[in-house]
Amino acid sequence: MTTNESEPAGHVEQDSTTQPAADALLEVASIRAGYGPVPVLHDVSLRVGRGEVVVLLGANGAGKTTTLRALCGVVRSSGSVRFDGEELVGQSTRTIARRGIAMVPQGRGTFKDLSVLENLAAGAFLRRSRSEVAQDIAFWLETFPRLGERRQQKAGTLSGGEQQMLAIARAMMSRPRLLLLDEPSLGLAPRIVQDLFRMLGKINREQETSMLVVEQSAELALAIADRGYVLESGNTVLSGTAAELQDHDGVRQAYLGV
Ligand SMILES: Nc1ncnc2c1ncn2[C@@H]1O[C@H](COP(=O)(O)OP(=O)(O)OP(=O)(O)O)[C@@H](O)[C@H]1O
Ligand SMILES: [Mg+2]
(Lines give C-alpha, C1' and ligand atoms only; values in the text may rest on other atoms or scores of the structure.)
(Ligands and ions follow the chains in the order given, each with its own letter.)
Protein backbone atom coordinates (compact mmCIF):
# COMPACT_ATOMS: atom_id res chain seq x y z
CA MET A 1 0.00 0.00 0.00
CA THR A 2 1.25 3.48 -0.75
CA THR A 3 0.36 6.90 0.51
CA ASN A 4 0.76 10.21 -1.23
CA GLU A 5 3.79 12.30 -0.16
CA SER A 6 1.49 15.07 1.01
CA GLU A 7 0.10 12.73 3.65
CA PRO A 8 1.45 13.33 7.17
CA ALA A 9 4.31 11.02 8.09
CA GLY A 10 3.34 8.10 10.31
CA HIS A 11 0.44 7.23 8.07
CA VAL A 12 2.84 6.01 5.45
CA GLU A 13 3.28 2.39 4.61
CA GLN A 14 5.22 1.54 1.51
CA ASP A 15 5.34 -1.65 -0.41
CA SER A 16 5.80 -2.73 -3.96
CA THR A 17 2.60 -4.59 -4.74
CA THR A 18 1.48 -2.06 -7.35
CA GLN A 19 2.20 -2.96 -10.97
CA PRO A 20 4.59 -1.05 -13.20
CA ALA A 21 3.02 2.04 -14.78
CA ALA A 22 3.96 0.92 -18.28
CA ASP A 23 0.87 -1.30 -18.43
CA ALA A 24 -1.55 1.46 -17.53
CA LEU A 25 -4.58 2.14 -19.68
CA LEU A 26 -5.25 5.32 -17.71
CA GLU A 27 -2.53 7.24 -15.92
CA VAL A 28 -3.67 10.33 -14.02
CA ALA A 29 -0.82 12.45 -12.65
CA SER A 30 -1.43 15.30 -10.23
CA ILE A 31 -4.55 16.74 -11.76
CA ARG A 32 -6.14 19.90 -10.42
CA ALA A 33 -9.67 20.99 -11.22
CA GLY A 34 -12.49 23.09 -9.85
CA TYR A 35 -15.58 25.06 -10.64
CA GLY A 36 -14.82 28.62 -11.73
CA PRO A 37 -12.40 30.06 -9.19
CA VAL A 38 -13.15 27.39 -6.60
CA PRO A 39 -10.50 24.66 -6.53
CA VAL A 40 -11.82 21.20 -5.71
CA LEU A 41 -9.14 18.78 -6.86
CA HIS A 42 -5.63 19.68 -5.67
CA ASP A 43 -3.55 16.66 -6.44
CA VAL A 44 -5.25 13.56 -7.77
CA SER A 45 -3.11 10.77 -9.15
CA LEU A 46 -4.30 7.32 -10.02
CA ARG A 47 -3.87 4.55 -12.49
CA VAL A 48 -6.14 1.99 -14.11
CA GLY A 49 -4.37 -0.96 -15.71
CA ARG A 50 -5.74 -2.77 -18.74
CA GLY A 51 -8.60 -4.97 -17.63
CA GLU A 52 -8.51 -3.68 -14.07
CA VAL A 53 -11.40 -2.65 -11.83
CA VAL A 54 -10.29 0.22 -9.61
CA VAL A 55 -12.42 1.70 -6.85
CA LEU A 56 -12.28 5.31 -5.70
CA LEU A 57 -13.38 5.83 -2.11
CA GLY A 58 -13.90 9.09 -0.29
CA ALA A 59 -16.26 11.03 1.96
CA ASN A 60 -19.06 13.22 0.63
CA GLY A 61 -17.56 16.27 -1.03
CA ALA A 62 -14.07 14.76 -1.33
CA GLY A 63 -14.12 15.32 -5.10
CA LYS A 64 -14.94 11.86 -6.46
CA THR A 65 -17.55 13.05 -8.96
CA THR A 66 -15.33 15.97 -9.94
CA THR A 67 -12.49 13.53 -10.62
CA LEU A 68 -14.67 11.48 -13.00
CA ARG A 69 -15.94 14.68 -14.65
CA ALA A 70 -12.37 15.85 -15.16
CA LEU A 71 -11.43 12.52 -16.73
CA CYS A 72 -14.20 12.74 -19.31
CA GLY A 73 -13.61 16.44 -19.98
CA VAL A 74 -16.84 17.82 -18.50
CA VAL A 75 -14.74 19.80 -16.00
CA ARG A 76 -11.49 21.39 -17.15
CA SER A 77 -8.35 20.19 -15.44
CA SER A 78 -4.62 20.71 -15.46
CA GLY A 79 -1.96 18.10 -14.89
CA SER A 80 -1.82 14.99 -16.99
CA VAL A 81 -4.37 12.36 -17.95
CA ARG A 82 -2.84 9.82 -20.29
CA PHE A 83 -5.16 7.28 -21.82
CA ASP A 84 -3.55 4.53 -23.85
CA GLY A 85 -0.52 6.79 -24.17
CA GLU A 86 -2.40 9.89 -25.37
CA GLU A 87 -2.85 13.09 -23.37
CA LEU A 88 -6.50 13.91 -22.68
CA VAL A 89 -6.19 17.14 -20.68
CA GLY A 90 -7.61 19.94 -22.82
CA GLN A 91 -9.49 17.56 -25.15
CA SER A 92 -13.24 17.85 -25.72
CA THR A 93 -15.73 15.44 -24.17
CA ARG A 94 -16.45 14.14 -27.66
CA THR A 95 -12.81 13.40 -28.39
CA ILE A 96 -12.45 11.69 -25.03
CA ALA A 97 -15.56 9.58 -25.72
CA ARG A 98 -14.12 8.63 -29.11
CA ARG A 99 -10.90 7.52 -27.47
CA GLY A 100 -12.96 5.01 -25.49
CA ILE A 101 -14.04 6.44 -22.15
CA ALA A 102 -17.72 6.29 -21.13
CA MET A 103 -19.32 7.54 -17.95
CA VAL A 104 -22.30 6.34 -15.94
CA PRO A 105 -23.03 9.51 -13.98
CA GLN A 106 -24.17 9.79 -10.37
CA GLY A 107 -27.98 9.71 -10.42
CA ARG A 108 -27.83 7.47 -13.51
CA GLY A 109 -28.37 9.98 -16.31
CA THR A 110 -30.71 8.13 -18.61
CA PHE A 111 -33.04 10.12 -20.85
CA LYS A 112 -36.24 9.75 -18.85
CA ASP A 113 -38.64 10.50 -21.71
CA LEU A 114 -36.96 8.13 -24.12
CA SER A 115 -37.67 4.41 -24.26
CA VAL A 116 -35.15 1.74 -23.27
CA LEU A 117 -34.38 1.13 -26.95
CA GLU A 118 -33.96 4.84 -27.68
CA ASN A 119 -31.62 5.22 -24.72
CA LEU A 120 -29.46 2.36 -25.96
CA ALA A 121 -29.38 3.82 -29.47
CA ALA A 122 -28.38 7.20 -27.99
CA GLY A 123 -25.42 5.52 -26.29
CA ALA A 124 -24.12 4.57 -29.73
CA PHE A 125 -24.18 8.11 -31.11
CA LEU A 126 -20.51 8.01 -32.10
CA ARG A 127 -20.78 4.75 -33.99
CA ARG A 128 -21.37 4.40 -37.73
CA SER A 129 -22.30 0.79 -38.37
CA ARG A 130 -26.05 0.37 -37.87
CA SER A 131 -25.86 -3.40 -38.05
CA GLU A 132 -23.23 -3.53 -35.30
CA VAL A 133 -25.27 -1.13 -33.19
CA ALA A 134 -28.36 -3.31 -33.67
CA GLN A 135 -26.35 -6.38 -32.66
CA ASP A 136 -25.10 -4.65 -29.54
CA ILE A 137 -28.59 -3.49 -28.59
CA ALA A 138 -29.78 -7.10 -28.90
CA PHE A 139 -26.80 -8.25 -26.80
CA TRP A 140 -27.50 -5.82 -23.95
CA LEU A 141 -31.23 -6.59 -23.96
CA GLU A 142 -30.32 -10.25 -23.55
CA THR A 143 -27.72 -9.51 -20.92
CA PHE A 144 -30.26 -7.52 -18.91
CA PRO A 145 -33.51 -9.44 -19.57
CA ARG A 146 -35.52 -7.00 -17.46
CA LEU A 147 -34.60 -4.33 -19.98
CA GLY A 148 -35.45 -6.69 -22.82
CA GLU A 149 -38.95 -7.13 -21.44
CA ARG A 150 -39.31 -3.37 -21.14
CA ARG A 151 -37.70 -2.23 -24.38
CA GLN A 152 -40.53 0.15 -25.31
CA GLN A 153 -40.98 1.52 -21.78
CA LYS A 154 -39.82 5.06 -21.01
CA ALA A 155 -36.67 5.12 -18.88
CA GLY A 156 -38.32 7.42 -16.33
CA THR A 157 -40.87 4.73 -15.46
CA LEU A 158 -38.30 1.98 -14.80
CA SER A 159 -37.42 0.94 -11.25
CA GLY A 160 -34.20 2.32 -9.77
CA GLY A 161 -32.34 -0.94 -10.40
CA GLU A 162 -33.61 -1.16 -13.96
CA GLN A 163 -32.57 2.45 -14.62
CA GLN A 164 -29.08 1.72 -13.34
CA MET A 165 -28.83 -1.32 -15.62
CA LEU A 166 -29.99 0.85 -18.52
CA ALA A 167 -27.43 3.53 -17.68
CA ILE A 168 -24.67 0.89 -17.71
CA ALA A 169 -25.91 -0.74 -20.91
CA ARG A 170 -26.22 2.67 -22.55
CA ALA A 171 -22.62 3.53 -21.63
CA MET A 172 -21.48 0.13 -22.92
CA MET A 173 -23.13 0.88 -26.29
CA SER A 174 -20.14 3.06 -27.14
CA ARG A 175 -17.91 -0.01 -26.63
CA PRO A 176 -15.71 1.83 -24.18
CA ARG A 177 -12.32 0.56 -23.08
CA LEU A 178 -12.78 2.36 -19.78
CA LEU A 179 -16.07 2.72 -17.95
CA LEU A 180 -16.35 5.38 -15.25
CA LEU A 181 -19.12 4.62 -12.76
CA ASP A 182 -20.27 7.19 -10.22
CA GLU A 183 -21.95 5.48 -7.25
CA PRO A 184 -23.86 2.88 -9.22
CA SER A 185 -25.38 1.45 -6.01
CA LEU A 186 -26.94 4.72 -4.85
CA GLY A 187 -30.53 4.29 -3.72
CA LEU A 188 -30.73 0.59 -4.56
CA ALA A 189 -31.75 -2.26 -2.23
CA PRO A 190 -28.86 -4.46 -1.03
CA ARG A 191 -29.87 -7.45 -3.15
CA ILE A 192 -30.08 -5.35 -6.29
CA VAL A 193 -26.67 -3.87 -5.47
CA GLN A 194 -25.22 -7.37 -5.21
CA ASP A 195 -26.65 -8.31 -8.60
CA LEU A 196 -25.35 -5.08 -10.06
CA PHE A 197 -21.79 -5.69 -8.88
CA ARG A 198 -21.93 -9.27 -10.09
CA MET A 199 -22.94 -7.91 -13.51
CA LEU A 200 -20.14 -5.35 -13.47
CA GLY A 201 -17.64 -8.10 -12.67
CA LYS A 202 -19.00 -10.15 -15.56
CA ILE A 203 -18.82 -7.21 -17.99
CA ASN A 204 -15.24 -6.56 -16.87
CA ARG A 205 -14.24 -10.17 -17.53
CA GLU A 206 -16.21 -10.86 -20.68
CA GLN A 207 -15.99 -7.49 -22.48
CA GLU A 208 -12.53 -6.75 -21.04
CA THR A 209 -13.77 -3.30 -20.06
CA SER A 210 -11.57 -1.59 -17.49
CA MET A 211 -13.51 0.23 -14.78
CA LEU A 212 -13.04 3.08 -12.37
CA VAL A 213 -15.84 2.90 -9.83
CA VAL A 214 -16.74 5.53 -7.25
CA GLU A 215 -18.61 3.81 -4.44
CA GLN A 216 -20.01 4.21 -0.97
CA SER A 217 -20.80 0.49 -0.87
CA ALA A 218 -17.10 -0.08 -0.35
CA GLU A 219 -17.41 -3.69 0.69
CA LEU A 220 -19.05 -4.85 -2.53
CA ALA A 221 -16.95 -2.57 -4.69
CA LEU A 222 -13.73 -3.85 -3.13
CA ALA A 223 -14.96 -7.40 -3.63
CA ILE A 224 -14.85 -6.98 -7.43
CA ALA A 225 -11.98 -4.48 -7.53
CA ASP A 226 -8.31 -5.19 -8.14
CA ARG A 227 -7.09 -2.00 -6.49
CA GLY A 228 -8.37 1.20 -5.00
CA TYR A 229 -7.64 4.77 -3.95
CA VAL A 230 -8.87 6.99 -1.16
CA LEU A 231 -9.61 10.62 -1.95
CA GLU A 232 -9.62 13.23 0.80
CA SER A 233 -10.35 16.93 0.19
CA GLY A 234 -9.25 16.75 -3.43
CA ASN A 235 -6.09 14.69 -2.84
CA THR A 236 -5.49 10.99 -3.37
CA VAL A 237 -4.03 10.03 0.00
CA LEU A 238 -3.94 6.26 -0.08
CA SER A 239 -3.72 3.49 -2.62
CA GLY A 240 -3.46 -0.25 -2.45
CA THR A 241 -4.78 -3.56 -3.63
CA ALA A 242 -8.38 -4.32 -2.75
CA ALA A 243 -7.16 -6.74 -0.06
CA GLU A 244 -4.84 -4.13 1.46
CA LEU A 245 -7.62 -1.55 1.59
CA GLN A 246 -10.03 -4.07 3.14
CA ASP A 247 -7.48 -4.64 5.91
CA HIS A 248 -6.53 -1.00 6.42
CA ASP A 249 -7.83 0.32 9.76
CA GLY A 250 -8.70 3.79 8.46
CA VAL A 251 -10.53 2.38 5.45
CA ARG A 252 -12.35 -0.15 7.62
CA GLN A 253 -13.56 2.51 10.01
CA ALA A 254 -14.50 5.10 7.40
CA TYR A 255 -15.92 2.96 4.60
CA LEU A 256 -16.57 -0.56 5.81
CA GLY A 257 -18.25 0.27 9.11
CA VAL A 258 -16.14 -2.25 11.06
N1 LIG B 1 -21.12 22.49 -10.22
C2 LIG B 1 -20.46 22.84 -9.12
N3 LIG B 1 -20.21 24.14 -8.83
C4 LIG B 1 -19.51 24.50 -7.73
N5 LIG B 1 -19.03 23.62 -6.81
C6 LIG B 1 -19.27 22.32 -7.03
C7 LIG B 1 -19.99 21.86 -8.19
N8 LIG B 1 -20.07 20.51 -8.12
C9 LIG B 1 -19.42 20.14 -6.99
N10 LIG B 1 -18.95 21.23 -6.34
C11 LIG B 1 -18.18 21.21 -5.08
O12 LIG B 1 -17.03 20.43 -5.27
C13 LIG B 1 -16.74 19.66 -4.10
C14 LIG B 1 -16.58 18.20 -4.47
O15 LIG B 1 -17.81 17.74 -5.02
P16 LIG B 1 -17.96 16.31 -5.67
O17 LIG B 1 -19.34 16.25 -6.22
O18 LIG B 1 -16.84 16.05 -6.58
O19 LIG B 1 -17.82 15.39 -4.38
P20 LIG B 1 -18.07 13.83 -4.18
O21 LIG B 1 -16.85 13.25 -3.58
O22 LIG B 1 -18.55 13.24 -5.46
O23 LIG B 1 -19.23 13.82 -3.10
P24 LIG B 1 -20.52 12.86 -2.92
O25 LIG B 1 -20.04 11.63 -2.22
O26 LIG B 1 -21.41 13.65 -2.04
O27 LIG B 1 -21.10 12.60 -4.28
C28 LIG B 1 -17.87 19.93 -3.13
O29 LIG B 1 -17.42 20.84 -2.18
C30 LIG B 1 -18.95 20.51 -3.99
O31 LIG B 1 -19.74 21.45 -3.29
MG1 LIG C 1 -20.31 12.40 -6.06
Side-chain angles (χ1 to χ4, degrees), residues 1-8 11-14 18-21 23-50 52-93 96-97 99-106 176-184 210-216 218 221-222 225-242 244-245 248 250-251 254-255:
M1 180 160 331
T2 54
T3 51
N4 190 312
E5 299 98 66
S6 62
E7 185 66 357
H11 198 214
V12 180
E13 269 172 64
Q14 296 279 357
T18 41
Q19 295 161 7
D23 260 10
L25 176 64
L26 180 79
E27 181 86 47
V28 177
S30 294
I31 56 164
R32 301 171 68 87
Y35 300 94
V38 185
V40 171
L41 305 183
H42 303 285
D43 185 359
V44 172
S45 297
L46 58 86
R47 184 164 55 79
V48 180
R50 290 171 205 282
E52 269 193 324
V53 176
V54 173
V55 64
L56 184 59
L57 304 173
N60 291 127
K64 305 180 297 295
T65 296
T66 306
T67 299
L68 297 190
R69 285 187 184 143
L71 298 183
C72 60
V74 176
V75 167
R76 285 178 52 169
S77 59
S78 61
S80 172
V81 176
R82 291 188 81 77
F83 182 66
D84 207 12
E86 286 188 79
E87 183 57 53
L88 295 187
V89 165
Q91 304 281 351
S92 68
T93 53
I96 293 171
R99 295 267 184 271
I101 299 184
M103 165 106 130
V104 179
Q106 192 166 0
R177 284 183 291 162
L178 176 67
L179 190 61
L180 308 175
L181 295 131
D182 197 351
E183 305 212 24
S210 306
M211 298 183 182
L212 178 60
V213 190
V214 164
E215 252 308 328
Q216 305 268 347
L222 285 169
D226 298 293
R227 293 184 305 106
Y229 294 85
V230 175
L231 192 64
E232 268 177 32
S233 310
N235 299 289
T236 33
V237 295
L238 190 65
S239 70
T241 63
E244 287 170 338
L245 292 174
H248 186 273
V251 171
Y255 306 106

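Positions are given from 1 along the sequence.
Atom CG in Leu178 sits 11.0 Å away from atom CD1 in Ile96 (nearest 0.5 Å). Note that the CG atom of Leu238 and the CD atom of Glu232 stand 8.5 Å from one another [nearest 0.5 Å]. In this structure, CG on Leu57 lies 11.5 Å from OG on Ser239, to the nearest 0.5 angstrom. Rounded to the nearest 0.5 angstrom, Asp182 CG and Thr65 OG1 are separated by 3.5 Å. Rounding to the nearest 0.5 Å gives a distance of 12.0 Å between CD of Gln106 and CG of Leu181.
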From CA spacing to verdict: side chain to side chain contact (heavy atoms under 4.5 Å, CB included), Val44, Thr66 | CA-CA 11 Å; Val44 172; Thr66 306; over 6 Å; no

Q) Given Ser210 and Leu26, is the side chain to side chain contact (heavy atoms under 4.5 Å, CB included) satisfied, shown in steps? A) CA-CA 9 Å; Ser210 306; Leu26 180 79; over 6 Å; no

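Taking the side chain as every heavy atom from C-beta outward, Arg47 and Tyr229 approach each other to under 4.5 Å. Proximity of Leu231 to Leu46: side-chain heavy atoms (C-beta onward) are nowhere separated by under 4.5 Å. A 4.5 Å side-chain heavy-atom check between Asp43 and Ser30 finds at least one atom pair inside the cut-off. Side-chain contact check for Pro184 versus Val104: every heavy-atom pair is 4.5 Å or farther apart. Between Leu71 and Leu212, some side-chain heavy-atom pair lies under the 4.5 Å cut-off. No side-chain heavy atom of Arg227 sits under 4.5 Å from any side-chain heavy atom of Glu244. Between Leu245 and Leu222, the closest side-chain pair of non-hydrogen atoms falls below 4.5 Å. Side-chain atoms of Val54 and Asp226, non-hydrogen and from C-beta on, never get closer than 4.5 Å to each other.
For Arg177, the side chain to side chain donor-acceptor pair (under 3.5 Å) partners at least two apart in sequence or on another chain are Asp84. For Arg99, the side chain to side chain donor-acceptor pair (under 3.5 Å) criterion is met by Glu86, not counting sequence neighbours. In this structure, Ser233 has no side chain to side chain donor-acceptor pair (under 3.5 Å) partners at least two apart in sequence or on a different chain.
The two atoms that bring Pro39 and His42 nearest to each other are CB-CE1, 3.9 Å, heavy atoms only. The shortest non-hydrogen separation linking Gly63 to Val40 is CA-CG1, 4.2 Å. Residues Leu180 and Cys72 approach most closely at CD1-CB, 4.3 Å, considering heavy atoms.
Using modelled atom types, one side-chain atom of Lys64 and one backbone atom of Ala59 make a donor-acceptor pair closer than 3.5 Å. When atom types are taken as modelled, the side chain of Thr93 and the backbone of Gly73 share no donor-acceptor pair closer than 3.5 angstrom. Between the side chain of Thr236 and the main chain of Ser45, a donor-acceptor pair closer than 3.5 Å is present. With hydrogens and angles disregarded, a donor-acceptor distance shorter than 3.5 Å links the side chain of Glu87 to the backbone of Val89. Between the side chain of Glu27 and the backbone N or O of Phe83, no donor-acceptor pair lies under 3.5 Å.
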